[in-house]
*Asks:* 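Pasting in a structure now, in structure tokens, and then I'll have a few things to ask.
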Amino acid sequence: MSMKRYGLVAAGAALLGSAAVLQSVAAAPVECADSACFLESVAQCEDAVFAPREGDAIGARGRYRILGPTEYACRLEFTFVENPNPALVGKSFTFVIDPSGMASADDLRDVVATCLMGGEAWYQCEGPLIEQATGRAGPPRLLEGGIGSLPCGRSVDVGGPELYPMPADGKWGYVDRDGTWHIPPQWDQVRDFHEGRAAVGGPANWGIIDRDSREVVPLQYQGTSFVTVDNRNWYSPPFSAYSEGCTVMTHFTTETQPSFFIDRDGKAWWRGEAQPEALRGRDIQRFGRFSEGLAWFREGFGEEARFGWVDSAGDIAIEPEFTQAGRFSDGLAFAAVADGQGAFISPEGSPLLPRKWMLYNAGPFSDGLARVSAGAFDLAYWSHDDVVFEKVRFPDPKGDRPANAEISEAGDFRDGRAPVITGFRDGNELVYVRRDGTVAFVPDDLEGIRVCNRRALPEFHQGLVRLVVADDGANCGNEGYTRGLARYEEAHYVYLDTGGNVILRQEK
């Protein structure tokens, strides 16, 4: 599919000169019998209508109409006159194009398909059909701004049973550890609860709910990236997990927006000109989550970008002098002064572990350990004092499995377990290790379990880990299993505890 950007501004200048508004639609548009006639009208941006006689491969057929020039280009309307989904028949949307870029009917179809998939803001796709096809509910509501001191930087304790995402009939809801539904299935995408808040949404729109399913932030926002599944765009959430009272929001409108904080009541903080005095006048693009009272921030773009840390009062705790930054945990945070020159720093910004800038990369400390790369392909787990392990140890080697295996990929420790993909068997075996480097369990060795989303390195949360496993216990098929969809043709979800026991299983 063509995804090229058309030269809207240049084309608009050639078409209109000083014209600045959409012209009124003529009373009697030209009825084109073929695409050549319609494309000729498109080139002049003159009112015309064209409805192809034949539909596409799925039996859908549309009607095009030229509405007239805009300030920059030419606006058209598309309406379904036939569709296998009756709810879409008669629904329309409008879009703008560069008339000189429409060389064939295929070009028009490409623009329509791109709009229906939720992509390319350059076409200004809008209307009821777009809202229904992408899950958008109209323009996002402006979030109310918080007043006073930022309510972040302190841990939040939430009572009640732990809740876990679980799909049923193609929608996500939440169950407790016994499998009892606490929030019925109703969303296309969801994330885990953190501090009593969770991100939920449709393919294109996300919001935030509390443990009683009340909307804290309306489901109107989309993240900055998407994957395409069955010709539909599935957007990432614009929210981080809640940490110390706030989430970081980085959303997409016509372009990616600078990030800001949202508290537990859904109010926005440090957005735009509302940033604290110490940050005003700086080109702040990104914030990290608060952890141990500090959050990193990124000033600038590209190679010139630099990271520092700010406290919840809005004062700069560490000046932006770093090329990489992580969150504080156990009194340390990873930072780098150049590629391959990193270390864990103190809250004052001094390198402590090691005391020289020599690390390639590192994750945060969790359960007393951090995953560390001393080189591009060297992975190990460190404590504050020394390297704890750089190979995983199998207590009972079987067949061609070695007693020790190199670490190919690794995640963070949670609940005393970390996911590791070993360099053994073509780097394709997911194991869960203890804090001493011994293997606690291998999911694929469990009866009836074949993991399909191993490359996602699923981590434990609230005592359980969520895995996508093959329905037949052997074959995952060819689907992509890192997208978090509520339904897969050949796989389902299970939750395992730290001993490798199945605690929850999706019913299909």
Side-chain angles (χ1 to χ4, degrees), residues 150 152-156 194-195 239-248 250 259-261 269-270 275-276 278-279 282 284-300 304-376 378-388 410-414 418 435 457 459 461:
L150 178 71
C152 305
R154 296 168 297 279
S155 296
V156 176
H194 292 265
E195 296 189 343
F239 314 104
S240 70
Y242 269 81
S243 177
E244 296 192 350
C246 284
T247 176
V248 179
T250 309
S259 58
F260 55 91
F261 294 96
W269 298 81
W270 295 10
Q275 289 180 352
L279 300 181
R282 295 174 178 264
I284 307 299
Q285 293 296 316
R286 295 289 177 270
F287 286 106
R289 297 183 292 163
F290 272 96
S291 181
E292 299 189 349
L294 298 176
W296 60 256
F297 65 90
R298 193 194 83 195
E299 183 176 9
E304 303 301 319
R306 291 295 180 267
F307 292 84
W309 282 260
V310 64
D311 64 22
S312 60
D315 297 323
I316 294 177
I318 303 174
E319 290 291 336
E321 300 172 345
F322 302 91
T323 60
Q324 294 183 59
R327 60 184 178 86
F328 273 91
S329 181
D330 290 359
L332 298 172
F334 178 75
V337 294
D339 288 346
Q341 298 179 40
F344 287 97
I345 64 171
S346 69
E348 292 72 41
S350 302
L352 293 182
L353 183 67
R355 294 187 180 275
K356 295 182 180 180
W357 304 101
M358 56 183 292
L359 298 182
Y360 186 82
N361 206 339
F365 274 88
S366 181
D367 286 0
L369 299 180
R371 52 185 169 84
V372 174
S373 298
D378 298 326
L379 272 171
Y381 285 92
W382 288 19
S383 69
H384 283 228
D385 302 316
D386 202 353
V387 176
V388 176
D412 294 333
F413 271 92
R414 300 281 188 273
R435 294 181 66 256
L457 288 172
E459 295 177 347
H461 179 60

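A quick note: this is a predicted structure, and the numbers were derived from the prediction, not measured.
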*Asks:* Which distance, rounded to the nearest 0.5 Å, do you find between the CZ of F260 and the CD1 of I284?
*Replies:* 15.0 Å
*Asks:* Would you say W357 and I345 make side-chain contact, with heavy atoms under 4.5 Å?
*Replies:*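 Heavy-atom side-chain distance check passes, below 4.5 Å.
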*Asks:* Write down the atom of E299, the atom of P320, and the distance for their closest heavy-atom approach.
*Replies:* OE1-CG, 3.4 Å
*Asks:* Using the test side chain to side chain contact (heavy atoms under 4.5 Å, CB included), find all partners of E319 that sit at least two apart in sequence or belong to another chain.
*Replies:* R282, I316, E321
*Asks:* Just jot down the salt bridge (charged side-chain N to carboxylate O under 4.0 Å, His left out) partners of R371, sequence neighbours excluded, or say none.
*Replies:*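 R371 satisfies salt bridge (charged side-chain N to carboxylate O under 4.0 Å, His left out) with D412 only.
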*Asks:* Does any non-hydrogen side-chain atom of L369 lie less than 4.5 Å from one of R435?
*Replies:*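 The answer is yes, as the side chains (C-beta and beyond) meet within the 4.5 Å cut-off.
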*Asks:* If you look at every heavy atom in F365 and S383, which pair is closest and at what distance?
*Replies:* CE2-C, 3.8 Å
*Asks:* Going by heavy atoms in the side chains, are V337 and F322 under 4.5 Å from each other?
*Replies:* yes
*Asks:* Indicate the atoms forming the closest heavy-atom contact of S312 with L150, along with that distance.
*Replies:*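 Closest approach of S312 to L150, heavy atoms only: O-CB, 3.6 Å.
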*Asks:* Would you please classify the geometry between the W270 ring and the F261 ring as parallel, tilted or perpendicular, with 30° and 60° separating the classes?
*Replies:*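 Geometry flag for W270 against F261: perpendicular rings.
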*Asks:* With a 3.5 Å distance limit and no angle check, can you tell me whether Q285 reaches the backbone of R298 through a side-chain donor-acceptor pair?
*Replies:* no
*Asks:* Taking all non-hydrogen atoms of both residues into account, name the closest pair between V387 and A380 and its distance.
*Replies:*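 Closest approach of V387 to A380, heavy atoms only: CG1-CB, 4.2 Å.
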*Asks:* Which atoms form the tightest heavy-atom contact between T247 and S240, and what is the distance?
*Replies:* OG1-O, 2.7 Å
*Asks:* Could you name each residue pair satisfying salt bridge (Lys or Arg N to Asp or Glu O under 4.0 Å) that touches residues 284-297, not counting sequence neighbours?
*Replies:*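 Pairs touching residues 284-297 that pass the test: none.
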*Asks:* Kindly state each residue pair satisfying salt bridge (Lys or Arg N to Asp or Glu O under 4.0 Å) with at least one member in residues 344-360, sequence neighbours excluded.
*Replies:*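 Applying salt bridge (Lys or Arg N to Asp or Glu O under 4.0 Å) to every pair that reaches into residues 344-360, excluding sequence neighbours, yields nothing.
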*Asks:* List in chain and number order the residues that pass side chain to side chain contact (heavy atoms under 4.5 Å, CB included) with P354, two or more places apart in sequence or in another chain; answer none if no residue qualifies.
*Replies:*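 A343, M358, L359, W382.
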*Asks:* Taking CG in D339 as the centre, count heavy atoms belonging to other residues, nucleotides or ligands within less than 6.0 Å. Is the count above 12?
*Replies:*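 Open: at most 12 neighbouring heavy atoms sit under 6.0 Å from CG of D339.
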*Asks:* Is there a side-chain contact between D378 and S373, using heavy atoms and a 4.5 Å cut-off?
*Replies:*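 Not in contact.
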*Asks:* How far apart are the closest heavy atoms of A418 and G411, and which atoms are they?
*Replies:*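 Taking every non-hydrogen atom into account, CB-O, 4.0 Å.
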*Asks:* Counting the benzene-type ring for Trp, do H384 and F344 have ring centres under 6.0 Å apart?
*Replies:* no
*Asks:* Is there a side-chain contact between S243 and H194 (heavy atoms, below 4.5 Å)?
*Replies:* no
*Asks:* From W269 CH2 over to C246 SG, what is the distance, rounded to the nearest 0.5 angstrom?
*Replies:*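 Output value for this atom pair is 8.0 Å.
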*Asks:* Pick one: which of F287, F328, F307 meets ring-ring contact (aromatic ring centres under 6.0 Å, His included) with W296?
*Replies:*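 By the ring-ring contact (aromatic ring centres under 6.0 Å, His included) criterion, W296 pairs with just one of F287, F328, F307: F307.
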*Asks:* Enumerate the residue pairs fulfilling side chain to side chain donor-acceptor pair (under 3.5 Å) with a member in residues 322-332, sequence neighbours excluded, ordered by first and then second residue.
*Replies:* none
*Asks:* Between E195 (side chain only) and E244 (backbone N and O only), is there a donor and an acceptor less than 3.5 Å apart?
*Replies:* yes
